[in-house]
Every structure is written in structure tokens, then in C-alpha cells.
Amino acid sequence: MTSMSRSSDTYVRVQEVGVRDGLQNETKTVSTNVKVELIERLAEAGLPVVEAGAFVSPKWIPQMANSEDVFRHIRRKDGVSYPALVPNMRGLERAVAVGVTEVGIFIAASESFSKRNINCSIAESIERFRPVCAAAGAGEIKIQGYVSTVLGCPYEGDIDPGIVAELCGALHEMGCYRVSLGDTIGVGTPARAAALIDRVADSVPLPVIGIHFHDTYGQALANTLACLDRGVRTIDSSVSGLGGCPYAPGATGNLATEDLIYMLDGLGMNSGVDLDGVVAAGAFITDYLDRMPASRVAMVYAGKKAA
């Protein structure tokens, strides 16, 4: 580790995914009002990107059924982006109808995961999203591309980094200004994460690459640090570590935003995010869900408050 030696740029763009990726697996229904307040709290804390919903079938993800209402009611802060996930043209149309200006599309680096998760092959998923990207581009809608299972699959095990790099190149060519590497089941380690960044950077410019780590084995922060060292400056995280993966038994959720900001502050990196504000937002949603935060930093704050 060379402590950020590969890039003199100290700004890190933190993308908050707790409202969508974090809440989608929660069994307690989260109302529109609660989601709106959480989104607004996170934006006020200085997060430049707050993923606010997904325009998917409520049959498959009931928690996202109120995404239209959420987008109709949030007070959008200048300089903050509020992306939404879209699975197809219909999802894009629904998003555009409520003023979404940035969308995310998703593919898997594992054939088995792709077929079980979205019922099509990797090649078919790419073709499915070509018209979505074309329509979004024509409508001046920004597009992010998410690649899941980049470091491991629950069905196939390790994933070839070359496949990930090829898929990232395809997404970038289709118009994605950013490609996010998702360790969906959280099996990655720092050396493997860094090697993947190097391989993907052969296919797309380094500033295009983002990372999305799950903390199943407690490696999310370590993996993030390794990728920061390789020059990555866009990181997904979830307030209070909300989230998880149904394919990874025992998974504790996503990289916690509070823990990420604490580490970035300690490194002298600039995120523009107020840690106290994020902790307060996390306490708000975990109180509503009646659960403990997965964030170590949030637990320290709670302990100090109770003392």
C-alpha cells in the first residue's frame, strides 16, 4: 500500500445507496414520508449523490413500489444528483415522467447469476439495455452502469477479471459515464480488488470506475482503501451499513457511509460530507426500522450519547 501515491487528487465522490440498495431487502415497509426525510437528511449532510429509488416491478421488489411518490415529494438540493435504477425501457419511462435526470442500469459478470437474477444471459442483458441507453442519451439523462458479482458469484465462485473489464468497456461504449464494480456477495480482499481495478482500467479510463463493496467478510473498508490507492475516486456506500444480499448467508450489508467518511477524514481526503449529519440520518432510519446500525462509527456515537 502506497497511501494514495497513485493520485494526487484528494476529492472522493461518495454515492449514497442506502435508500435503494439498503432498504430494498428490508421486510418492514418504509413509507414515502420516511424515505423522503431520509433522502433530504442525507443531501443536507453533504452527500453529492443520493440514489433515491428503483423503477422495477413491485412484484419482485415491493419496497420500491413508492418510488414515483418519493421523487414527486423530495425537495431537490442544488448540486445533488438523485439517481434511480431502471431495468428496462418501461422503467426509464416511469423515471423520466417524475423528473429523474440520472439512471442506473445493471448487468452481472456471472452467467449463472444473470440467469437466476434477471432471467437472461449476460449477452442478452447487454442487448436489453442498448435501447435504454440510447433513449436516455437522447433525452440527456445521465447513465451509470453497475456490474455485479465482479469478485465472486454464489454459483460460480471466482470471476475472471477479463470478463468484468470487457463488460465495463461495453457499458462505457453504450454511454455510461460511470461503471460501478459491485462485490455483490462481499468475498473480495484488498489484493484482488486492486488487481481488478488495474485490469478494468485497461478497458475504461480510471475516472470512470466506481466501486460498490458489501461487507460480508468485514473487508469493505480494506478493499476501498486498496482501490483508493489505485486512483479510484467514486465510492458507493450505505447509511448505517443498510442492505445485504439474499445470495450471501450472514451478509451484514453494504459498506457503511459513516465508516467510509471517518476513514476518508482520517486520510485527509475531501468528500464534502459531514459525518455528524450522516450519523443522525442513520439513527433516524435505524430507529424507524427498529434495528441496530451495522456501522461501527454509528455504534460509537450511540454509545457516547447513551453514556
Side-chain angles (χ1 to χ4, degrees), residues 1-2 5-7 13 15 17 21 85 87 104-134 143-217 219-220 222-236 245 247-248 251 254-255:
M1 187 66 62
T2 54
S5 63
R6 294 177 183 270
S7 175
R13 185 175 187 248
Q15 300 206 160
V17 300
D21 192 30
L85 206 66
I105 62 173
F106 51 93
I107 62 175
S110 156
E111 287 287 0
S112 299
F113 192 89
S114 183
K115 289 173 182 175
R116 296 197 189 200
N117 195 40
I118 56 176
N119 199 32
C120 67
S121 68
I122 295 174
E124 288 168 338
S125 69
I126 289 284
E127 292 308 312
R128 177 184 295 179
F129 281 117
R130 286 192 189 279
V132 176
C133 288
I143 318 161
Q144 299 189 49
Y146 293 88
V147 184
S148 62
T149 62
V150 298
L151 287 167
C153 167
Y155 313 113
E156 297 181 11
D158 292 348
I159 297 297
D160 179 358
I163 293 174
V164 179
E166 182 179 341
L167 293 174
C168 289
L171 288 171
H172 187 47
E173 188 176 300
M174 287 162 56
C176 294
Y177 81 94
R178 170 186 179 252
V179 290
S180 176
L181 307 178
D183 183 14
T184 310
I185 58 173
V187 294
T189 54
R192 292 183 61 213
L196 180 63
I197 297 301
D198 290 344
R199 182 66 183 84
V200 173
D202 290 336
S203 296
V204 299
L206 187 59
V208 170
I209 302 172
I211 51 176
H212 181 118
F213 290 122
H214 285 231
D215 203 32
T216 311
Y217 288 87
Q219 299 294 294
N223 293 342
T224 298
L225 184 59
C227 294
L228 283 168
D229 188 61
R230 308 316 273 187
V232 171
R233 291 295 182 267
T234 302
I235 303 167
D236 288 0
C245 177
Y247 307 101
N254 291 285
L255 168 64

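These numbers were taken from a predicted model, which means no experiment stands behind them.
Interatomic distance, CD1 of I105 versus CG of L171, reported as 5.0 Å (0.5 Å rounding). To the nearest 0.5 angstrom, R233 atom CZ is 5.5 Å from L228 atom CG. Put simply, CD1 on I159 and CG on L196 are 10.5 Å apart, with the number rounded to the nearest 0.5 Å. The structure places CG of L181 at 5.0 Å from CD1 of I197, a figure rounded to the nearest 0.5 Å. How far CG of N254 is from OG1 of T184: 10.0 Å, rounded to the nearest 0.5 Å. Between I107 atom CD1 and N117 atom CG the span is 12.5 Å, to the nearest 0.5 Å.
Looking only at distances, no side-chain donor or acceptor of S114 sits under 3.5 Å from a matching main-chain atom of S110. In terms of modelled atom types and a separation under 3.5 Å, the side chain of R192 and the main chain of L151 share a donor-acceptor contact. No side-chain donor-acceptor contact under 3.5 Å links D229 to the backbone of L225. A donor-acceptor pair is defined here as one N or O able to donate and one able to accept, closer than 3.5 Å; no such pair exists between the side chain of N223 and the backbone of C227. Not one N or O on the side chain of R130 forms a donor-acceptor pair closer than 3.5 Å with the backbone of M174.
When all heavy atoms of Y177 and V208 are compared, the pair lying nearest together is O-CG1, 3.6 Å. In plain terms, the two heavy atoms of A109 and L167 that are nearest each other are CA-CD1, 3.7 Å. Among all heavy-atom pairs drawn from P154 and I185, the shortest one is N-CD1, 3.7 Å. Between Q144 and C176, the closest heavy-atom pair is C-SG, 4.0 Å. A pairwise comparison of heavy atoms in E111 and I122 identifies OE1-N, 3.2 Å as the closest pair. The two residues A170 and I126 come nearest to each other via the heavy atoms CB-CD1, 4.3 Å.
Taking 4.5 Å as the limit, some side-chain heavy atom of T224 sits within range of a side-chain heavy atom of F213. In this structure, the side chains of I209 and R230 stay at 4.5 Å or more apart for every pair of heavy atoms. Between D215 and L255 the shortest side-chain heavy-atom distance does not fall below 4.5 Å. Considering only heavy atoms from C-beta on, S180 stays 4.5 Å or farther from I211 through its side chain. Contact annotation: the side chain of V200 never approaches that of L206 to less than 4.5 Å [non-hydrogen atoms, C-beta and beyond].
Side-chain N/O atoms of D183 and H214 include no donor and acceptor closer than 3.5 Å. Side chains of E156 and S112: a donor on one and an acceptor on the other come within 3.5 Å.
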Worked verdict on S125 versus F106 for side chain to side chain contact (heavy atoms under 4.5 Å, CB included): CA-CA 8 Å; S125 69; F106 51 93; over 6 Å; no
Evaluate the side chain to side chain contact (heavy atoms under 4.5 Å, CB included) criterion for residues Q15 and R178: first the C-alpha distance (whole Å), next the side-chain angles of each, then the deciding distance (0.1 Å), finally the verdict. CA-CA 12 Å; Q15 300 206 160; R178 170 186 179 252; 2.9 Å; yes
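For E124, the side-chain contact (heavy atoms from CB on, under 4.5 Å) partners two or more places apart in sequence, or in a different chain, are C120, S121.
Between H212 and Y146, the two ring planes are perpendicular [angle over 60°; tilted spans 30° to 60°].
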